[in-house]
Structure formats: structure tokens, C-alpha cells
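To start, the structure under review is shown below, and the notes come after it.
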Amino acid sequence: FISMMRYASQVNWPGQIELIYSVRDQDNIPFIGYINNLAKDNPRLNVTLAVSENGKIDKLGGFDIKTGRINKPMIDQVVGDYANRTFYICGPSPFMDAIVTSLRSSGVADDRIITEAFNQGSHRQTGKLRSWPNNIYALGAVGVALASLAIMFKDMLDTLPTSSLSTSSSLTDSNSSTNSRQNQLDQLVNNLPSTTNPAPSTDAASGISSGSTGTTTPTPVTTPTPTPVYTPKCTTSQSGHTTCY
């Protein structure tokens, strides 16, 4: 309620806000100073203190003071007209049960009664948010979550490594290509015409080659006679004169 009242004051919300605050005595009121400042700054915020124990109230100047616990007559006096009002209730479960019963008896629809319990028991929630805008907000949040999940799943699939699949495919394509080339080579070799002839036998001693066409006498090979190289002879006399011939 503190944050709701602060926000309404900051944005100058034009609606009227009635806070009925049930307290035990004037010395045990959480946030009373802050609430007082909000009420001074926002003329559309009215604070009523329901003091359950009789005692001093000299410290509560400036507030609308009611004695006793919150009940239907007190709510009727503060609220007046129940039409077009939304009621927010927070407190112990028995307290909220009593207030919800009182509001229903005054003709307030359940979608205008919003509760939040102090305790965490099985009856911590006596009212639910059933208004149309809140359901739309909830459905919108679910839609955004599902869309984000779908995008994340797609991105994850796009980034998954495909090395094993591509490697297997590459190996299969390579083996298929190699086998295909080998088959082509084998087919070419098998289709080559046969050029095998009887191998000639050679008589190393006579130099005669025998084949299927008969006997052929090889032409003798003439080896040229090398020209002799003349080497002069030289003598040297005692006087040192050399003579060559």
C-alpha cells in the first residue's frame, strides 16, 4: 500500500484513495510519519486510523480517527458509495475473511476485491485478480515467454556443430568418387585393343634375330679406324738447346 500510494501521488492519479489503517495504539503504527507526509502532499489521499485499544491519541493529529476494529459501519462511513470502487485488503486471514464478507454484503463484486494475507497458511489468499486487464497482462507475459523460448531453441539448433555429419558425408562422397574413378580406369584398360606379338628370340653369338616374318641378317656395322696421334721427340744439348723431331 505504501508503494501504491507513493506512485499515485507521483503521477498525480486523479482518483480518490481512502486508506483505513487498523492499529492497536498510537505508539505502534509502522510508516505513520511517511503516510502523514504523503497525505499532506496528495489532497486525494485520505487516511483513517482505526485504533482498537482505548488510549491516548494526542500524537495522531491530522488524521481521521475511529475507535475499535474495522467493521461494516466504519467502512460505510468512510467509503460512502461502493459503486465503481476497487478494494485492496491486506492482513491476517480472519481479518480479511470478515472484511470480504462485509464487502460482498454491500454488493461489491469479487473482481473488485483483491486480497493479500500476512501469513503463509492454506487460507493466505481469499480473493483473486479476476479483472479482464490483469488476465490480458498474464496471457501477454506467457506469450512473450513462449516466443523467447522458441527463438532460443532455434538459435541453439543453428549453432550446433555439424562437423561429424559433414565429415561422414564428405568421406562417403570421397569414397564414392574414388570407386567411380577406379571403375572408369578399369573399364578403359579392359577396352584397350590387344597389341601382343610373339617376343623375338635373339642369338647373342651370331647377332641374328628370328621372328614371325622370317630370318633377317643384320647389316654389319663399320667402325672407323682412329687416326694415330704423332708425339714429337725432343732432346736438349749440354748448352741448353732443345731440338724436337
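The basis for the numbers below is simple: all heavy atoms, side chains too, and nothing from hydrogens, waters or symmetry mates.
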What pair of heavy atoms forms the shortest contact from [X] to [Y], and how long is it?
{"X": "S105", "Y": "K72", "answer": "OG-CE, 3.6 Å"}
{"X": "R44", "Y": "P14", "answer": "CD-O, 3.3 Å"}
{"X": "Q16", "Y": "N46", "answer": "NE2-CB, 4.0 Å"}
{"X": "T115", "Y": "M96", "answer": "CB-SD, 3.8 Å"}

Are there over 12 heavy-atom neighbours, none belonging to [X], within less than 6.0 Å of that residue's [atom1]?
{"X": "R69", "atom1": "CZ", "result": "no"}
{"X": "F1", "atom1": "CZ", "result": "yes"}
{"X": "I57", "atom1": "CD1", "result": "no"}

TODO: Applying salt bridge (Lys or Arg N to Asp or Glu O under 4.0 Å), name anything that partners E53, two or more places apart in sequence or on another chain.
DONE: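 With neighbours one apart ignored, the set is R24.
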
Task: Sequence-distant partners of D81, salt bridge (Lys or Arg N to Asp or Glu O under 4.0 Å), two or more places apart - done: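 For D81, no residue satisfies salt bridge (Lys or Arg N to Asp or Glu O under 4.0 Å) once neighbours in sequence are set aside.
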
Task: Test side chain to side chain contact (heavy atoms under 4.5 Å, CB included) applied to R104 and T101, V108, V100, the passing residue - done: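 Answer to the side chain to side chain contact (heavy atoms under 4.5 Å, CB included) test with R104 among T101, V108, V100: V100.
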
Rounded to the nearest 0.5 Å, what separation is found between the [atom1] atom of [X] and the [atom2] atom of [Y]?
{"X": "L60", "Y": "I65", "atom1": "CG", "atom2": "CD1", "answer": "4.5 Å"}
{"X": "I89", "Y": "I70", "atom1": "CD1", "atom2": "CD1", "answer": "9.5 Å"}
{"X": "N42", "Y": "Q10", "atom1": "CG", "atom2": "CD", "answer": "10.5 Å"}
{"X": "L49", "Y": "I35", "atom1": "CG", "atom2": "CD1", "answer": "7.5 Å"}
{"X": "M5", "Y": "D41", "atom1": "CE", "atom2": "CG", "answer": "12.5 Å"}
{"X": "R85", "Y": "E18", "atom1": "CZ", "atom2": "CD", "answer": "5.5 Å"}

State, with a plain yes or no, whether a side-chain heavy atom of [X] is found less than 4.5 Å away from one of [Y].
{"X": "Y82", "Y": "I75", "answer": "yes"}
{"X": "I32", "Y": "V23", "answer": "no"}
{"X": "L103", "Y": "R112", "answer": "no"}

Open item on the list: What verdict does the side-chain contact (heavy atoms from CB on, under 4.5 Å) test give for V51 and Q26, after you've listed the backbone C-alpha separation in whole Å, the side-chain angles of each residue and the deciding distance to 0.1 Å?
Closed with: CA-CA 8 Å; V51 183; Q26 66 175 1; over 6 Å; no

Open item on the list: One thing to verify: whether K56 and D27 come together as a salt bridge, which I'm taking to mean a side-chain N less than 4.0 angstrom from a carboxylate O.
Closed with: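 Salt bridge flag = no for K56 with D27.
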
Open item on the list: Is it the case that the side chain of D25 and the backbone of N28 share a donor-acceptor pair, with hydrogens and angles ignored and the cut-off at 3.5 Å?
Closed with: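 Side chain of D25 to backbone of N28: a pair is present.
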
- [ ] Give a yes or no answer on whether the side chain of S102 reaches the backbone of A98 with a donor-acceptor pair at less than 3.5 Å.
- [x]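 Judged by distance alone, no pair lies under 3.5 Å.
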
Task: Working for side-chain contact (heavy atoms from CB on, under 4.5 Å), residues V79 and F87 - done: CA-CA 10 Å; V79 174; F87 294 84; 4.0 Å; yes

